[in-house]
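Input: a single structure, listed below in structure tokens.
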Amino acid sequence: MKTPQETDAGWFGRSVPRVEDDRLLRGQGRFVDDIRIPGALEAAFLRSPQAHARITRIDVTAARAVPGVHAVLTAADTTSLKPVVNEAELRVPRGLVETVDPLVRKLPYPVLADGKVTFVGQPIALVVADNRYIAEDALELIEVDYEPLPVLVDPDRALQPGAPLIEESWGDNLALEAHTRVGDPDTAFSGAAAVIEEEFYSHRYVPSPMETRAIQAAPGAYDGRMTVWSSSQTPHRLRDHIADSLGLPTNDVHVLAVDVGGGFGQKGIIYVEEVLIPYAAKILDAPVLWREDRNENLVAASHAREQVHRISLAADADGTLLGLRDDFIVNFGATTMTGLVVPYNSVIHLLGPYRVPNVDIHVRAALTNTAPTSPYRGAGRPEAVFAMERALDRLARKLNMDPAELRARNLIRPDEMPYRTGLHDRAGLPQEYDSGDFPALLRTAIDMIDLPAIRLRQAELERAGGDHRLGVGFAVYLEATGLGPFETARASVRPDGRVRLALGTPSQGQGHRTVFAQIAADAIGVPMEAIEVIGGNTDAIPHGVGTIASRALVTAGNATNMAGKQLRQRIIDAAAKFFSLPADEMSFEKGVVRHTNSGAEVTLHELIAGGYELSETAYFRPPGFTFSSGCSAVVVDVNTSTGWRHSATASATRRTSSPASSRSTSRPSVNSSR
């Protein structure tokens, strides 16, 4: 008998109302700030107003004397805490060590500034009080004397000889460097009919989620365990880091990523605040809550994007790409949070869906006196796509060729899949595009905006002269998804017969409770409404990586499918024992197991009551990356004298497929605005 997943009537892919929305829309969400523990204290941080300075004096005497203040901590009070290092993000895969041999420097980040500050917003002191108001008042009484130092904000200048040093022990500000080549770019450029060279700058962004960072820690009253509620995207990594910092066994720390109001990558790393709040709770033996205000989020949480690309493209006379060179710089800010993650993600997405046989890419990252940077919404891919697509537009202009036609001539065709670029991916393996129809995406976008009609209209406007301008732009991209090394799913039948699915991937609004319930329902053979999805609870599942890098559906989705199928078989085997009949005579649908010959039935509730354990845990380890892709077209109609404009966008996207399946779908959409 076919399982629901093997029929066309499965849950996955069906349009259903999101399970989580009703509760959230009614204001019944449970964010960190909603969790009120009796007797909880509140924390506030004193942050540096200086971008670069030595601290010559700190006096916290008056702050400690404020009624209601329980602790004022400086670097001198936190010597037992190791500086924060995001080890998972800074790790270099063996394959990249062997092929690219990058320079990746680690700069341990002190939990509180010790003798020196390197950016505006760096925490210097922590006050814990009865409430936030008292804590903020106490902050104003802390006296700090600074000796200003030269300030660097330009990553280009930071890498020049003689630049002021952010970390004196290094002798320079070079935090990272990687260089990779494919083919013979020198020969390609020397023999090209057309070469363009341009510089493109991606400015700095602040992810600024609706819910700022927040953490609450409570030492256990009866079992001694530390319970931490956090808005983290990686709760298992946070659990391990807190345990290591506080000298606790891993099992003595319980982290829950409850409802999270957006993350976008900013909450995917470990911050010093996430160590200091549990530490304060431990030494005070009381719950401690800290939630970041908006000003703190803008200056002290991680920033993103800032890159400068100096890119060159070479092509023959008909527009066929021959080679690419790119020498680009990434501004890391005041420390090294994630190493290769963003810079190398830019490297491996720079070629995009285009056939480029000869490549030379050089990337460097600089320390500056700006807020530290980390992954944000694509983590280096948007910056690379911007540089490549703008370079293609410049090349099309030089060749007097329609930009759409230039792209069409160089897009990788479906019959070339799987396609190897010659680069090595983030795991250190040869980069291989597993699937995609990039030419079809471009054709769809061209048809949706009616490009021939636009070109005719542009010609009419040019002949007429005046202030009316009409422009059109294209961008075709792809994205490597399904980052490893693994993800976990545990499917268990509860005593009431419902199925609880626990995942290592918390949700920040992506709809996990809906999508993963659909996958589990198909794999197990129960109605979707019988599935309860739990993410971000380190007690519900022992190991996990998290919701970062566009990985959750591929990794946790496959783990869910595996655990669900295993649980389905366990249920059938348990029913066979229950009836003392062969398992191949059992069928399981809609939560009921039937003996196909006699019609005898047993429910999941009855099996659990009969002492059968119905639980399965699966780990999915992706063999490589899988790719999603899309094409965007934008038409802008502008009157240059009045500024009035009408713009329309069209996009065609291909949803990500798992490595086990190469099926893809195109879903075009058009949006217009005035």
Side-chain angles (χ1 to χ4, degrees), residues 1-20 486-505 507 511-535 537 540-542 544 552-579 581-596 600-621 658 660-661:
M1 173 177 289
K2 288 185 177 181
T3 68
Q5 193 168 9
E6 296 170 324
T7 70
D8 295 329
W11 284 100
F12 187 61
R14 188 189 303 183
S15 179
V16 298
R18 286 178 22 138
V19 173
E20 47 272 273
F486 71 93
E487 199 49 81
T488 319
R490 172 179 287 173
S492 307
V493 179
R494 294 171 35 179
D496 61 1
R498 290 174 55 80
V499 176
R500 172 172 290 173
L501 175 66
L503 301 169
T505 49
S507 174
H512 286 189
R513 286 177 171 83
T514 303
V515 173
F516 291 113
Q518 290 177 283
I519 297 172
D522 283 351
I524 299 168
V526 296
M528 179 184 161
E529 57 268 21
I531 307 288
E532 175 191 11
V533 179
I534 296 176
N537 185 334
I541 196 162
L553 184 59
V554 175
T555 56
N558 273 288
T560 295
N561 186 48
M562 292 164 60
K565 287 182 174 180
Q566 294 167 12
L567 178 59
R568 175 182 176 83
Q569 189 58 52
R570 180 178 283 270
I571 290 168
I572 290 172
D573 291 343
K577 293 178 181 177
F578 181 87
F579 288 119
L581 293 168
D584 60 7
E585 296 181 8
M586 302 294 150
S587 65
F588 179 45
E589 292 182 4
K590 298 181 180 179
V592 177
V593 187
R594 292 181 178 83
H595 181 230
T596 53
E601 298 181 350
V602 61
T603 65
L604 297 182
H605 167 72
E606 291 169 332
L607 288 175
I608 290 290
Y612 295 96
E613 192 216 344
L614 303 178
S615 179
E616 288 287 346
T617 300
Y619 294 86
F620 176 71
R621 295 175 175 82
S658 75
S661 169

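Side chains included, hydrogens not; waters and symmetry mates left out as well; all remaining heavy atoms used.
- Contact between Phe516 and Ala552 at its shortest, heavy atoms only, is CZ-O, 3.6 Å.
- Remark: Ala489 engages Leu501, Leu503, Ala559, Thr560, Ala563 in a side chain to side chain contact (heavy atoms under 4.5 Å, CB included) (not counting sequence neighbours).
- Residues forming a side chain to side chain contact (heavy atoms under 4.5 Å, CB included) with Thr488 (at least two apart in sequence, or on another chain): Phe486, Ile541, His543, Thr617, Tyr619.
- Of all heavy-atom pairs spanning Ala502 and Ala540, the tightest one is CB-O, 3.7 Å.
- Listed by first and then second residue, the salt bridge (charged side-chain N to carboxylate O under 4.0 Å, His left out) pairs involving residues 607-616 are Arg570-Glu616 (not counting sequence neighbours).
- Using modelled atom types, no side-chain atom of Glu585 and backbone atom of Pro582 make a donor-acceptor pair closer than 3.5 Å.
- Under the salt bridge (charged side-chain N to carboxylate O under 4.0 Å, His left out) criterion, Arg494 pairs with Asp496, Glu532, sequence neighbours left out.
- Ile524 and Ala491 get closest at one heavy-atom pair: CD1-CB, 4.5 Å.
- In this structure, Asn537 and Ile534 approach most closely via the heavy-atom pair CB-CG2, 4.0 Å.
- In this structure, the side chain to side chain contact (heavy atoms under 4.5 Å, CB included) partners of Thr514, at least two apart in sequence or on a different chain, are Val16, Arg18, Val19, Glu20, Gln518, Met528.
- In this structure, the side chains of Leu614 and Leu607 come closer than 4.5 Å at one or more pairs of heavy atoms.
- Considering only heavy atoms from C-beta on, Val515 stays 4.5 Å or farther from Val533 through its side chain.
- Although no hydrogens or angles enter the test, the distance criterion places no donor-acceptor pair under 3.5 Å between the side chain of His595 and the main chain of Glu601.
- Contact record, Val602 with Ala575: CG1-CB, 4.0 Å, taken as the closest heavy-atom pair.
- Between the CD1 atom in Ile531 and the CD1 atom in Ile519 there is a gap of 11.0 Å [rounded to 0.5 Å].
- Tyr612 places none of its side-chain heavy atoms less than 4.5 Å from the side chain of Ile571.
- Atom-to-atom distance recorded for Ser587:OG and Arg594:CZ is 6.5 Å, nearest 0.5 angstrom.
- Of all heavy-atom pairs between Leu567 and Ser615, the closest is CD1-N, 3.8 Å.
- Judged purely by atom type and a 3.5 angstrom limit, Asn561 has no side-chain atom pairing as donor or acceptor with the backbone of Gly557.
- With sequence neighbours excluded, no residue forms a side-chain hydrogen bond (donor to acceptor under 3.5 Å, both in side chains) with Glu529.
- In this structure, Asp522 contributes its side chain and Phe12 its backbone to a donor-acceptor pair below 3.5 Å.
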